[in-house]
Asks: 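Before anything else, here's the structure in question.
Every heavy atom of this structure was used, including side-chain atoms; hydrogens, water molecules and symmetry mates were not. We number each residue from 1, following the sequence as shown.
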Amino acid sequence: MRILGVASATAALALGAAGNALACNIRDFSAVASCDDNGKGIITVTDTDASGVEATVSVYLESNGADARMVGSKTVKGTKKGAIVTFSEDWAPNATYRVRIEAGKIVNEDISPQLTAPSDACKTTSSPSASETPKPSETPSSPASSGTPSANPSESESSAAPATPGDNAPSPAAGSSNLAETGANSNTPMIAGIAGALVVVGGGAVFLGMRRRGASKSS
């Protein structure tokens with residue numbers, strides 16, 4: 001009988017130890033702050049409770065020992081390999097967070113010690129938008145050449161611009177005034193008439209003189 005009693009007591013202790021080992025407790029939960037593949041901050045809570053008790057995970061940002069704001073709250077059922085819940089949080093370096101676990105009447109306490117974010121912030125690796133993506137340069141099409149060659153700028157300017165007379169060349173205005181003075185003066189007919197009259201008077205005087213000489217010789 002004593003042997004049976006000892007065996008029964010041993011079995012009960014073993015079952016109690018096994019039950020305590022499978023029971024949900026705060027040591028089944030852990031939290032870490034990290035960065036995702038896009039460089040965004042996240043807080044990950046892992047539940048390794050093999051009994052699969054549903055637990056509520058609440059995360060709070062701490063400031064001077066008090067809750068500054070609630071990051072979020074999610075439920076999780078633990079597994080032996082670990083069930084994970086993730087909270088998006090743009091955490092600052094060395095920021096402190098309080099992680100509260102509530103699993104029915106079994107667990108109702110914070111993960112200890114409190115979660116502290118890494119000292120290095122996440123580096124965002126965002127891809128450039130469509131407007132920022134440089135477009136390939138288009139090869140400009142050369143304009144069709146015209147059949148008529150364009151005039152050389154220097155030749156067109158030289159042909160269009162009037163020739164500047166030199167210092168020794170007379171200007172057209174000066175030439176026209178000289179012609180007026182030499183051949184087209186208004187006093188020229190008067191002078192010609194006076195000259196003709198003098199010729200006529202002179203001729204008459206010569207003629208009269210010759211007649212007088214002839215008359216004197218004949219007498």
Side-chain angles (χ1 to χ4, degrees), residues 1-140:
M1 294 294 292
R2 290 182 179 180
I3 296 173
L4 292 174
V6 172
S8 298
T10 303
L13 291 174
L15 291 173
N20 291 333
L22 293 176
C24 179
N25 60 77
I26 194 62
R27 291 187 299 272
D28 294 332
F29 298 87
S30 61
V32 63
S34 61
C35 304
D36 62 10
D37 295 337
N38 296 323
K40 300 292 186 179
I42 57 174
I43 293 177
T44 304
V45 179
T46 304
D47 181 6
T48 58
D49 174 25
S51 65
V53 176
E54 185 176 272
T56 301
V57 181
S58 301
V59 181
Y60 301 87
L61 174 64
E62 294 293 285
S63 177
N64 298 324
D67 295 343
R69 62 178 174 83
M70 184 178 184
V71 175
S73 181
K74 295 182 179 181
T75 59
V76 60
K77 285 186 177 182
T79 63
K80 188 175 182 180
K81 294 182 179 180
I84 295 175
V85 288
T86 303
F87 300 87
S88 298
E89 171 67 0
D90 187 17
W91 46 261
N94 301 319
T96 303
Y97 293 88
R98 182 172 69 91
V99 182
R100 186 72 176 180
I101 307 298
E102 297 180 7
K105 296 180 180 181
I106 303 173
V107 179
N108 190 3
E109 56 184 306
D110 299 337
I111 295 178
S112 182
Q114 290 184 336
L115 172 63
T116 302
S119 57
D120 295 329
C122 295
K123 296 180 180 179
T124 305
T125 57
S126 59
S127 59
S129 60
S131 59
E132 296 176 355
T133 305
K135 296 181 180 179
S137 59
E138 298 179 358
T139 304

Asks: Pairs in or reaching into residues 69-87: which pass salt bridge (charged side-chain N to carboxylate O under 4.0 Å, His left out), with residues at least two apart or in two chains?
Replies: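 Checked against salt bridge (charged side-chain N to carboxylate O under 4.0 Å, His left out) - neighbours excluded - the pairs reaching residues 69-87 are Arg69-Glu89.
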Asks: Nearest 0.5 Å please: distance from the OG1 atom of Thr86 over to the CD1 atom of Ile84.
Replies: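 Answer rounded to 0.5 Å: 6.5 Å.
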Asks: Please table the atom pairs, donor to acceptor, closer than 3.5 Å between any side-chain atom in residues 102-109 and protein atoms at least two apart or in another chain.
Replies:
residue, atom, partner, partner atom, Å
Asn108, OD1, Arg100, NE, 3.3
Asn108, OD1, Arg100, NH2, 3.0

Asks: Of all heavy-atom pairs between Ala83 and Gly78, which one has the smallest distance, and what is that distance?
Replies: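 Nearest pair, atom of Ala83 first, then Gly78: CB-CA, 4.1 Å.
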Asks: Tell me, with the steps shown, if Ser88 and Lys40 meet side-chain contact (heavy atoms from CB on, under 4.5 Å).
Replies: CA-CA 8 Å; Ser88 298; Lys40 300 292 186 179; over 6 Å; no
Asks: If you compare all heavy atoms of Thr96 against all heavy atoms of Thr116, which two are closest, and at what distance to 0.1 Å?
Replies: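 Smallest interatomic distance, heavy atoms only, reads OG1-OG1, 4.4 Å.
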Asks: Hey, could you give me each pair passing disulfide (SG to SG under 2.5 Å) that has a residue in residues 47-108? Not counting sequence neighbours.
Replies: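 For residues 47-108: none.
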Asks: Can you tell me if Trp91 uses its side chain to pair, donor with acceptor, with the backbone of Ser34 under 3.5 Å?
Replies: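 Pair found, side chain donor or acceptor close to backbone of Ser34.
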Asks: From Leu115 CG over to Asp110 CG, what is the distance, rounded to the nearest 0.5 angstrom?
Replies: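 Here the interatomic distance stands at 12.0 Å.
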Asks: Could you go through Phe87 and Val45, starting from their C-alpha distance and side-chain angles, then the distance that decides it, and tell me whether this counts as side-chain contact (heavy atoms from CB on, under 4.5 Å)?
Replies: CA-CA 8 Å; Phe87 300 87; Val45 179; 4.2 Å; yes
Asks: Does atom CG (Asp90) have a neighbourhood of more than 12 heavy atoms from anything else shown, all under 6.0 Å?
Replies: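 Check fails, neighbour count at 12 or below.
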Asks: Is any side-chain heavy atom of Phe29 closer than 4.5 Å to a side-chain heavy atom of Val99?
Replies: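 No, too far: nothing below the 4.5 Å cut-off.
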Asks: List the atom of Ser119, the atom of Pro93, and the distance in Å for their closest heavy-atom pair.
Replies: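 Of all heavy-atom pairs spanning Ser119 and Pro93, the closest is O-CB, 3.2 Å.
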Asks: Which atom pair, heavy atoms only, marks the closest approach of Cys24 to Asp28?
Replies: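 Looking at all heavy atoms of both residues, the closest pair is CA-OD2, 3.7 Å.
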Asks: Quick check on side-chain contact (heavy atoms from CB on, under 4.5 Å): which of Asp49, Val57, Asn25 does Ile101 satisfy it with?
Replies: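 That would be Val57.
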Asks: Would you say the side-chain atoms of Thr48 pair up with the backbone N or O of Gly82, donor to acceptor, closer than 3.5 Å?
Replies: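 Between the backbone of Gly82 and the side chain of Thr48 there is no qualifying donor-acceptor contact (under 3.5 Å).
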Asks: Quick check: closest heavy atoms across Ile43 and Val59, and the distance to 0.1 Å?
Replies: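 That closest heavy-atom pairing would be CD1-CG1, 4.0 Å.
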Asks: At what distance, to the nearest 0.5 angstrom, does CD1 of Ile42 lie from SG of Cys122?
Replies: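 Between Ile42 CD1 and Cys122 SG, I get 8.0 Å after rounding to 0.5 Å.
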